[in-house]
Amino acid sequence: MPTASDPVLVLDGLRKTFGTFTAVHGISLTVPRGSVYGFLGPNGAGTTTTIRMVLSIYKPTAGSVTILGQPSALLVRERIGYLPEEKGLYKKMRARDIIAYFASLKGMASAAAFRRADELLEKYGLGEFARRKCEALSKGMGQKVQVLASIAHRPEFVILDEPFSGLDPVNQQVLEDLIEDLKREGTTIIFSTHIMEHAERLCDRLVLIARGRAVFDGTVAEARRIIPRRIVIRTPGDPQRLRGIAGVTGLSALGGDRHEIILADDGDADAVLAACFRDGIPLLAFDRSEPTLRDVFLRLVGPDQAAEAVG
Amino acid sequence: MRNAWLIACREFAENVHTKGFWLGVAMAPLLLVLGFSVQRLLDRSTPTRAFVVVDPGHVYDAAIDGAVERLWQREVMKAFGEYFGKHAVRTKAPTAADLEDTPAVDVEKMIEQFSDTNPQALEAFVNAGGLAVAMAKINGLVKPDAPPFTPPRRPFVRVELPEGIAAGAGPTAVADQLRPWLRGERKVDADGQEIELFAAVIVPEDIADHVSRPGSAPRMPSSAESVQYWAANLADTDLRVEVERAINEQQRKTEYVEKGVDAAAVQAVQRTSVPVVKLDPRKASGREQVSLADQLRQWAPVGFVYLLWTSIFAVASLLLNNTIEEKSNRLVEVLLSSVTPGELMAGKLLGIAAVGLTMILSWIAALVGVLWWQAGPQAEQARSLLDVVTRSGLLPAFVGYFVLGYLLYGSLFLALGSVCNTLKEAQNMMQPVMLVMIVPLLTMMFIPKDPNGTLARVMSWIPIYTPFVMMNRAAAGPPQWEIVGTTVLLIAAVGFTLWLAGRIFATGILRTGQPPRLVELVRWLIHGAG
């Protein structure tokens, strides 16, 4: 019997080569039950390939996948929900039919599947489109239908590949709510994205993938800690005196009137601010916001790939 | 298995909900009804055609008039026969005593004669007083609510030369003057109606000098030395054939008379005919006579081969198309996160098979239905065809060969669809397949002429052709061991193809990028998915 503490997914040295090209260079990670786990990386970094190996769509060249305690996703199909990177629906099928169809392929009884389809469409604002053919739906609506189709059978583990791409901000919010709802119900979720903001808001843990390698694996807080704490100030005066404050480990000019102050872990930003007032350093701006995942990503993968990812 | 069933249901529902499917279903009976009505429609819609005869020497014009009249009388006779067949009051089967001279039997006999194609029947009809007498004879024998008989229109009517053209001006001059009429630029007057001049027959005055006889030097006569038949419509040959026959008959009659033979004797001799009967040695002794049904039985398989070919490829193409659709929009990834490739393939094959069977069964139902509706006592063709279709065992063979042929080609098409990403790629790969596939259509017309010949026998043993060729040969009763042998081979080939396609499908269905080369395909077959 699986227990609550068993991880939902364990990847061990997962590797995939296509001919001479290595798409994934040995990724190992563990997804705890009930967590929301982000796969972050620019296009072509290997996230989709990794997800396809997790689902046994691709056979790994080396390494192993343990999913819900089994060596292959094919053995636990009914317990997994999957949204592929490229989105498509049967054009001639109606929205509720398609959701019910995929749910019944996952083992749901037909009547229950239809009930569930109607319930989901209603809940996520598509009630009036339930009997519309998919070809008549907008791209965003179609994508929502597909997300609903992937979760209709109440899987305990949901894998969403780029669920946010192609959605407008309103629908992105609906999808974030949906992920929150699933999380509340105890579902384990993996989603890949190249938009850091979603990951920042939703993920408990994340893995940053660049050129087929996991460059970071941990919590969002841990990710932030990769970048030292810093304050950016704008001043027409001379900030050099701030070097003497306890907890300040560095000071550098960023160009113009902008300067970056690096803090030690126990450094106190308030002390820096007080010192500015005390020493009469005129402030135009004092920015102590935490580093974003985008900054972390930039730091880890270098500006070339990061530009692709966050662009 | 549940998943394959679910997939099959979806495929069936999706395809049955398309307009194309219903069009396909409705097409067959529609074409059939059209086929039966088109003849009548054509007869009814072809206008009476006007022609002129320029025969200043009056050598042949009477003969031509007689021929055209006979052409019409034959139509009248046929129509009358059909009319009586449709509207006669059916009495109980005549007993031997009745057979002597009750009016009903008399008319039956008369009608029977009408349907005969030998010239005597027509002669008898005309000599007996034609339609007027025939109508009088059936008086009281047709149902009271029957509509009155309307004789068909005359197919051809001879009109006078347009005014201002002198018949004696010589063939070339007359033809030149007639050109505007023959080209349809000017109209002629026929019974007060302005119609186009369909044809002109111009007889040179000295035609008697140019008749070719045994002993005269063979040479191509110039058109000035021939009877000229002018017509812009080259397709409708009825009039030309009739005119040619009439003038030759007339010429021969004249020559007999010139040689001193009695004209009446000649006429009598010309009306004689020797009966030739077609017999089939395979039929039971005493019943060897070849009927219309026998001939239909010989040719009906050709129709079935065509139907088989069309339906197998129409249906197998559905498989190709929707596999590519699922592949190109990556639906297949979602599907394969729920079902195995084997289940997916089985489901698709099954679902589309159901679509195909629904289609052909509705065709068969329509065929039998239309034939049954058409098959009156006079519509011998429809009746015989119905007999052939329902009694000859062609139908079960057809359904059996459809299923096996579909599985063979369907699984090949599925495999093909699974390795292509777009319809365009698939079309490129289909070209060589098409070349191979077209062969049974090309041989379809030859095989019935030599159904147990070398070509037919060799092709029967090639599994991709077995369904079509064996269907083609069905009427000729191929040897039992060949039927069993080719069927066993075909079933084995279907099994092998399913296995082969399954392996290609499992690997190909998730592949993106260039379609694989043949070498890669072979590697997949040996090593499985990579």
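To find a chain, count down the sequence lines: A is the first, B the second, and so on, and within it residues start at 1.
- Residue Leu83(A) does not touch chain B at all, counting heavy-atom pairs closer than 4.5 Å.
- Using a 4.5 Å cut-off between heavy atoms, Glu14(B) contacts chain A through its side chain alone, with no backbone atom that close.
- Leu105(A) and Val339(B) make their closest contact through CD2-CG1, 3.9 Å (heavy atoms, listed as atom of the first residue, atom of the second, distance).
- In this structure, Lys91(A) NZ and Glu325(B) CD are separated by 4.5 Å, a value rounded to the nearest 0.5 Å.
- In terms of modelled atom types and a separation under 3.5 Å, the side chain of Arg2(B) and the main chain of Ser104(A) share a donor-acceptor contact.
- With a threshold of 4.5 angstrom between heavy atoms, Ile57(A) approaches chain B through its backbone and through its side chain.
- Between chain A and the residues Val334(B), Asn329(B), Leu331(B), Leu6(B), the most heavy-atom pairs under 4.5 angstrom are made by Leu331(B).
- Within the 4.5 angstrom heavy-atom criterion, only backbone atoms of Leu336(B) (N, CA, C, O) approach chain A.
- Contact between Ser338(B) and Arg77(A) at its shortest, heavy atoms only, is O-CD, 2.7 Å.
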* **Verdict with reasoning, Glu86(A) to Glu333(B), per side chain to side chain contact (heavy atoms under 4.5 Å, CB included)** => CA-CA 9 Å; Glu86(A) 280 169 80; Glu333(B) 278 189 20; 6.0 Å; no

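- Counting heavy atoms of neighbouring residues, nucleotides and ligands inside a 6.0 Å radius, atom CH2 of Trp499(B) exceeds 12 of them.
- Crowding of Tyr306(B) atom OH: a count of heavy atoms from other residues, nucleotides or ligands under 6.0 Å not exceeding 12.
- Looking at Thr340(B), both its backbone and its side chain come within 4.5 Å of chain A, counting heavy atoms on both sides.
- The main-chain N or O of Asn15(B) is never found under 3.5 Å from a side-chain atom of Lys92(A) such that the two would form a donor-acceptor pair.
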